[in-house]
Amino acid sequence: MAANRRPGPARILHQHISHRLPDMSEYRPSNIEPKWQQYWLDNKTFRTGGADHSRPKYYVLDMFPYPSSSGLHVGHPEGYTATDILARYKRMNGFNVLHPIGWDAFGLPAEQYAIKTGTHPRDTTNQNIDGFRRQLQSLGFSYDWDREVNTTDPAYFRWTQWIFLKLYEQGLAYEASVAVNWCPELGTVLANEEVIDGKSEVGGFPVERKPMRQWMLRITAYAERLLQDLEELDWPESIKEMQRNWIGKSEGANVGFPVKSAVRGAGESIEVFTTRPDTLFGATYMVLAPEHPLVDRITTGEQKAAVSAYRETAAKKSDLDRTDLNKDKTGVFTGAYAVNPVNNEEIPVWIADYVMMSYGTGAIMAVPGHDVRDWEFARKYELPIIEVVKGGDITKEAYVDSHDGICVNSANDEVSINDLPVPEAKKVITKWLEEKGLGKHAVTYKLRDWLFSRQRYWGEPFPVIHVDGKPKPLPEDHLPVTLPDMDDFQPTKTGEPPLAKAREWVNTTDPESGKPAVRETNTMPQWAGSCWYYLRYISPDYEKGPVDPEAEKYWMPVDLYVGGAEHAVLHLLYARFWHKVLFDIGVVSTKEPFQRLVNQGMILGELEFTAYRDSGGNYVSADRNGMSDELERVKLQEKEIEKRGDRFVITGTDTVVDARSYKMSKSRGNVINPDDVVEQYGADALRLYEMFMGPLEQVKPWSMQGVEGVYRFLKRAWRLVMDEESDGVHPAVLRSVNSDGTPAVSPERAQLKLLHETIKKVTEDIEGHRFNTAISALMIFTNEAMKWDVRPVEVLKPFLLILSPFAPHLAEELWERLGQLADGNSTARNTLAFEPWPQYEEALLQSDTKVYAVQVNGKVRGQVEVPADRAADKDFVLDAARKEPTVGRHLEKGQVIKEIFVPNRVINFVVK
RNA sequence: GCGAGAGUGGUGAAAUUGGUAGACACGCUAGAUUUAGGAUCUAGUGCCGAAAGGCGUGGGGGUUCGAGUCCCCCCUCUCGUACCA
């Protein structure tokens, strides 16, 4: 570039000023970062203009953290930096920005710590919150700290309880004795979503089924709307798909199979749900879940012993055991027969634990010809298999085709679906069943009601008392119901919550009737507080409801919500459910809370190389199918490794090593503490690195050397403005306009071109959440500008503005120093946070020449530069291209039979 | 099994609508500078080749003047889910 070829005169103007600022000339984040953090706090720089509803709004939300004792990990600042960049960018673009933070502070860890140490969870929680707040502030996030919310604050959970009362009023909260996931180790029940493979998601303890009295929320009443309204959300497709799967809508029919009159249970009918009513003629037996209530009534005498033995075994099995038996299906004949309503065939009724009580009706009609599970079962117990859909070979495997298959063997005296394709057959047979009163079109959801109570201390108390053994909601003016102070937080082995021990608190009187009453001793699950926190931020001090309706209309919906994908179905589904209820009762004005959702990808630990050694000390090649635990793992340095083919081997050997990054974990010892990074490289470097690693949504490994890289960039940006030798602004930095407004130095065209290219790129990349490439553009600008002999202030200042969302401390500091340069000695510039975002000028992006790539037979052979005003002139450009020696050489090889001309891009000569 | 997403240098990654693959950064090599440095600067760096040139975006095939990008088949990895009738 020619920009650094600065002719003499500008230098003669000699506008630079040296400021004497001892110790401050070197880029030292520890000097400037706390200074600006304090400034922003003291001046409440980022307080949201709550009352100003005339400007366009932008609500950008982070998933609020659970303040754990171990503090922030590097995954937090990833999403938080992304939203902070957007918040700062939008402010500079004139938006009224709501960018809040708070604490999801109820939860098990504080309670378990309390049990261990006797420290009250409130104290632990408050300490942890203080730690998190300090850490977040040390990263320079532009939160409005006046809007902090805390789910454990009675002023907050008063409204969580209020919403529960509304749910109760709507008939959406009820008590039920249900078989719950009881986890003895944790001393609590868990939601289905909190149980993974039969173990608790937290801690991995075994979970067993146990009937208990529980509060349930009727989320199933909203299943259809939760499913339908996904359509209009701008969310990652994968998350929407997970929610769809979780809701699990199936369409089919409910069909009754009368139990044969000669046996016990005559007059009963077994109701099944099927998605394949077209295969009814292929139903050769039935299966009930072992827990099915009909089992007792239909089992014949001879089978009684076998059946009850099987039921007992099944009951003892945890969910984990039941899935383990996946491959080998078991079951027992009940002795009873049912009648297939389409053909009056008598078919045997079995029980088997591959049928779940919790889905559909807890009973199935088995169609072994066209269902893999039924096929396996029928094979094992030698039950008949009939083909009713053409196309497969049912002697070898079940033929499952619900689209193009053609029905066969499916007719009775009144109806035939033979020769019909499956979708058509479903309609015909369902209609017939409905006419005959034998069945009914039906929709079933996998989604089940939400188990909403926990046997814990550290959660929101229910605003419920029990009078005469019946639950009764407390009047609204008795909120909040606060937790009693206790010393003993130990759950009881019987499953009774710790709150039951607070006798004085439990025993109360009904404020309405004056009768003695006992308080509900269960508490709400951790999800409760996070179901609506985004509303509280809007009016955190509002006294008349959870949210000020006027402000709600202005701020909702959340424009952008960023957080981890681990909340795909839990938090995000629950919050949508509550929001819809609040919408129905007029508390909020939007159907959906979060218009746009982005999941940040997980940050893994540094890349690790692992070699394996057997007991004899010999290296063994790593196998992709996993290595045995008996082998010793040896961690190797990068220097000891070389690439061979698509694998890594120990240098000079054929021993393959594992090369991969692992999830950060304490046990692996690969956890990066943000505090350490801030101490060594500064918050700006941490922010920048987290954004520079790669696309926000992607999983990516940490690299300390990568942090060094962006740190070097920040140092260069610093030296672009500051002179480390002279303790002042760099002598090359010149203002282009004198303080009286007369022109002093005009930025060169090339300088302006680079600046405006950078503005354009950074602006578009921020809008598109491509922060990594935005930073790359800022680096390119810096690298080029460092070569300039003259660095006009008029060019540097817009650069600092577009750098500021990424590295706000550095940008503020340099802005301040350049401000001194421009305005004489004053400190007039306080903050750049509300400076208008620079706009690029199209005219300045144009260059004088255009470069064409010249191909011969599709291979690039050279390039040709032509004046911009001739660039569209095909003949001129082709002529210039032919004259290129590297091109001409290849043209001589034959006849040019075709010439491709793509304006401003490429020329291709086809030679034969 | 099923569903979704992804495979590009030694590494993290770039690449509007098909149009110069590897921007930017790390690492590495050589040099300069410094009392020294893990600081800074300069040059180089996809692979093979002295060069000309050839080969290169998981593998195979196709469409096209031209394919990382579009189509078909296959392989691998990650995430989610799991007897859902």
Side-chain angles (χ1 to χ4, degrees), chain A residues 26 196-197 236-242 244-246 248-250 252 272-276 279 287 322-323 325-327 329 352-356 358-367 371-374 376-377 444-447 565-566 568-569 599 601-602 607 624 638 641-643 646 648 659-661 689 692-695 697-710 712-713 715-716 719 724 764 770 772-780 783 786 851-863 889 897-911:
Chain A
E26 201 181 323
I196 314 279
D197 292 336
E237 197 46 44
S238 61
I239 301 291
K240 289 208 235 179
E241 195 58 26
M242 278 188 231
R244 285 191 199 105
N245 291 340
W246 194 262
K249 181 179 182 176
S250 302
V272 302
F273 171 74
T274 177
T275 56
R276 298 292 305 273
T279 62
V287 185
R322 258 169 105 145
T323 21
L325 287 171
N326 210 340
K327 286 129 214 156
K329 296 198 181 351
D353 65 2
Y354 81 93
V355 172
M356 306 283 143
S358 48
Y359 183 76
T361 60
I364 62 157
M365 64 175 207
V367 184
D371 181 289
V372 263
R373 297 153 301 176
D374 297 346
E376 279 175 41
F377 193 80
T444 295
Y445 299 90
K446 235 164 77 177
L447 184 72
E566 66 273 20
V569 280
N599 290 121
M602 204 195 324
L607 181 65
R624 287 187 181 173
E638 201 177 338
I641 307 300
E642 65 181 350
K643 186 121 184 191
D646 60 345
F648 285 92
R660 52 171 297 187
S661 302
Y689 175 65
F692 189 62
M693 291 170 89
E697 302 85 350
Q698 200 166 298
V699 178
K700 20 191 195 275
W702 186 265
S703 158
M704 251 340 171
Q705 283 175 331
V707 182
E708 296 253 10
V710 295
R712 271 178 228 159
F713 158 67
K715 282 198 285 193
R716 271 202 308 283
R719 280 185 279 116
E724 300 192 331
E764 290 174 354
R770 294 180 298 269
N772 54 333
T773 49
I775 292 167
S776 157
L778 292 165
M779 286 172 167
I780 292 169
N783 291 347
M786 283 298 274
V851 177
Y852 275 85
V854 186
Q855 303 179 333
V856 178
N857 286 341
K859 289 205 166 91
V860 179
R861 296 301 180 178
Q863 42 180 252
R889 204 160 44 219
I897 57 164
K898 201 171 179 183
E899 293 163 342
I900 310 287
F901 177 77
V902 183
N904 295 326
R905 286 195 185 270
V906 75
I907 296 156
N908 191 5
F909 294 108
V910 185
V911 173

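Protein chains get the first letters and strands the later ones, always in sequence-line order, with residue 1 at the start of each. Only a predicted model underlies this, so the values are computations on that prediction, with no experimental measurement involved.
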From the candidates B:G3, B:U40, B:C83, the one with an atom nearest any side-chain atom of A:Y354 is B:C83
Exercise for the section: Indicate syn or anti for B:G68, taking the glycosidic torsion and treating anything within 90° of 0 as syn. Expected result: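 Anti conformation for B:G68.
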To the nearest angstrom, the CH2-P distance between A:W246 and B:A82 comes to 6 Å
Can a side chain N or O of A:K715 be found less than 4.0 Å away from OP1 or OP2 on B:U40?
yes
Read 5' to 3' with Watson-Crick or G-U pairs under 3.5 Å, [ ] for crossing pairs and | for partners on another strand, RNA chain B gives (((((((..(((......[....)))((((((.......))))))(((....)))..(((((..]....))))))))))))....
In 5'-to-3' order, the base (B), backbone-only (S) or no-contact (-) status of each nucleotide in nucleotides 19-30 of chain B, using a 4.0 angstrom heavy-atom cut-off, is BBS-BBSSS---
For A:P695 and A:R889, take the nucleotide of RNA chain B holding the closest heavy atom to each; which residue's nucleotide lies nearer the 5' end?
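Result: A:P695.
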Between A:T361 and A:K898, whichever has its closest RNA chain B nucleotide further toward 5' is A:K898
Does the plane of the ring in A:W702 sit parallel, tilted or perpendicular to the ring in A:Y689? Use 30° and 60° as the thresholds.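 It falls in the perpendicular class, over 60°.
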A:M365 and A:D374 have their tightest heavy-atom pair at O-OD2, 4.0 Å
Give me the atom names and distance for the closest heavy-atom approach of A:F901 to A:I907.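 Scanning both residues, the minimum pair turns out to be CD1-CG1, 4.2 Å.
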Hits for side chain to side chain donor-acceptor pair (under 3.5 Å) against A:Q705, two or more places apart or cross-chain, chain-then-number order -> none
